[in-house]
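Data first, discussion second: the structure below is written as structure tokens.
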There are 2 protein chains.
Amino acid sequence: MSDEEQPPPRSTYRHGGLRDALLEAGVEMAREGGPDAVVLREATRRAGVSPNAAYRHFADREALLKAVSDACLGFSADRIEQELAAHPPTGHDGAFTEADARAMLRAVGLGYLAFAREEPGLFRTAYSVPDDLSHAFDAGKAGRGGRTPFQLVGIALDAMVETGAMPAARRQNAEFLAWATVHGLGMLIIDGPLRGLDDRMVDFATSRLLDMVDRGL
Amino acid sequence: MSDEEQPPPRSTYRHGGLRDALLEAGVEMAREGGPDAVVLREATRRAGVSPNAAYRHFADREALLKAVSDACLGFSADRIEQELAAHPPTGHDGAFTEADARAMLRAVGLGYLAFAREEPGLFRTAYSVPDDLSHAFDAGKAGRGGRTPFQLVGIALDAMVETGAMPAARRQNAEFLAWATVHGLGMLIIDGPLRGLDDRMVDFATSRLLDMVDRGL
DNA sequence: GTCGCCATGTGTACGCTGTCCACAACGGCA
DNA sequence: TGCCGTTGTGGACAGCGTACACATGGCGAC
């Protein structure tokens, strides 16, 4: 009868949210197989639409992949914020201690690496699309908290300087060092030589890496 | 023991060195466009051979890419050895000082990052194929000096311990930390947020990163 | 209300890719 | 000498990204 059983029964003509549907399909494919698994035709198939429909919303496959990548950066930010929330400052009424700042920076690193290990496909996709600093703060790359991973590192580093955990003279561009270190370990873990190491060893390497950053920054 | 030489590039039927030709073509494509640019059919085309001929030497495209990737690791090792040679130990009759060991480790990092900047396509290809520790010493990944990048880091770290530049207790798995740090910066430079930074800034970031490793390892 | 516009979707087609199959020629070994 | 395994060829197929022409229908202007 007239009871609509199928959620997308007749995508008659207007889809309504095709762009979002394609993006979501893309994210799902990225989750399963990384950036190379993001296939334009398959995305349209999952959205129940003809292949060319995608071109009304994305210039080409690269544009779709870029959008998926940005979304992945947002997920990464979410995971970092989650880790930050799990390690709240011990101080009262918003006062930060030096230890708090160190814990914050550590939490950022832990969250970053946790994301790499929990969602390797999304992680690889997030950092597979060439980008540069001028777009490091684009809103599209932010998580639900409204901040991009790059910003989160920056915030933690600012706290380090404010509490005296790090000399101010070393603050400039310190994001690069912290980020590079953690990013590198992430890559080595998910498809570099550290692949296949058991969780305990990875945890250990993570811990030692963060120690190194703490000491050497 | 036969002197293998083919004065005319006769492509009558037997090619003679098809496997090598395909590999070389693959490396050239990787140089220009990274791992995604190594295309099996194009490789056969450059070798002047029909597409299917490749399957006599490589199981599939992935196998070709793996071979190219291994070759790239060898080039990476070459570049590191070159940097090592440019920073010879100051000590006499093979005696290493602590400063020599630090210079060695630094040279390894410099060479690694120089390779990333000079040959971004090869660099990305080298580390694009999932691998694990059990193959970190495969002869196919070694450079002309017979050592893989992983081994070179290890040698430098051993020197650090021997000369007292690093406590022996921290030696175990220190490769991972050093490698991850430098690898991460390499990735950020060639297609991460540090892309497009001028050489001076990259040099500066490199220097600070190596300082951090030196201090924090 | 009606009409027309244009954003959004469909259909068809092309060249490219990786890969499977059957077949052909060479060269070393019996 | 004749055979046979190695190495190459040719043809075919499905899947991909994407260009071009066409269809639809919701929305604002009249």
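Every chain is numbered from 1, with letters handed out A, B, ... down the list of sequences. Here the structure is a predicted model, which means the values were calculated and not measured.
OP1 or OP2 of C:dT17 sits under 4.0 Å from a side-chain N or O of B:Arg45. Within the structure, every side-chain polar atom (N or O) of B:Arg61 is placed at least 4.0 Å from both OP1 and OP2 of C:dC16. Phosphate proximity of C:dG9 to A:His57: present, with a side-chain N or O under 4.0 Å from OP1 or OP2.
Remark: P of D:dA19 and CG of A:Asp60 are 8 Å apart, rounded to the nearest angstrom. Look at CZ on B:Arg56: it is 13 Å from P on D:dG5, rounded to the nearest Å. As rounded to whole Å, 19 Å separates atom C1' of D:dT6 from atom OH of B:Tyr55.
In the region residues 20-44 of chain A, proximity to DNA chain D at under 4.0 angstrom, judged on heavy atoms, holds for A:Val39, A:Leu40, A:Arg41.
Donor-acceptor pairing under 3.5 Å, judged by distance alone, is present between the side chain of A:Asn52 and the base of C:dT12.
In the displayed structure, B:Gln172 atom CD is contacted under 6.0 Å by at most 12 heavy atoms of other residues, nucleotides or ligands. Open room surrounds CD on B:Glu24; 12 or fewer heavy atoms of other groups in view lie less than 6.0 Å from it.
Judged as a ring pair (Phe, Tyr, Trp, His ring centres under 6.0 Å), and not counting sequence neighbours, the contacts of A:Phe137 are A:Phe150. Judged as a salt bridge (Lys or Arg N to Asp or Glu O under 4.0 Å), and not counting sequence neighbours, B:Arg208 has no contacts.
Side-chain atoms of B:Ser50 and B:Asn52 form no donor-acceptor pair, as typed in the model, at a separation below 3.5 Å. With hydrogens and angles left out, the side-chain atoms of A:His183 and A:Tyr127 include no donor and acceptor closer than 3.5 Å.
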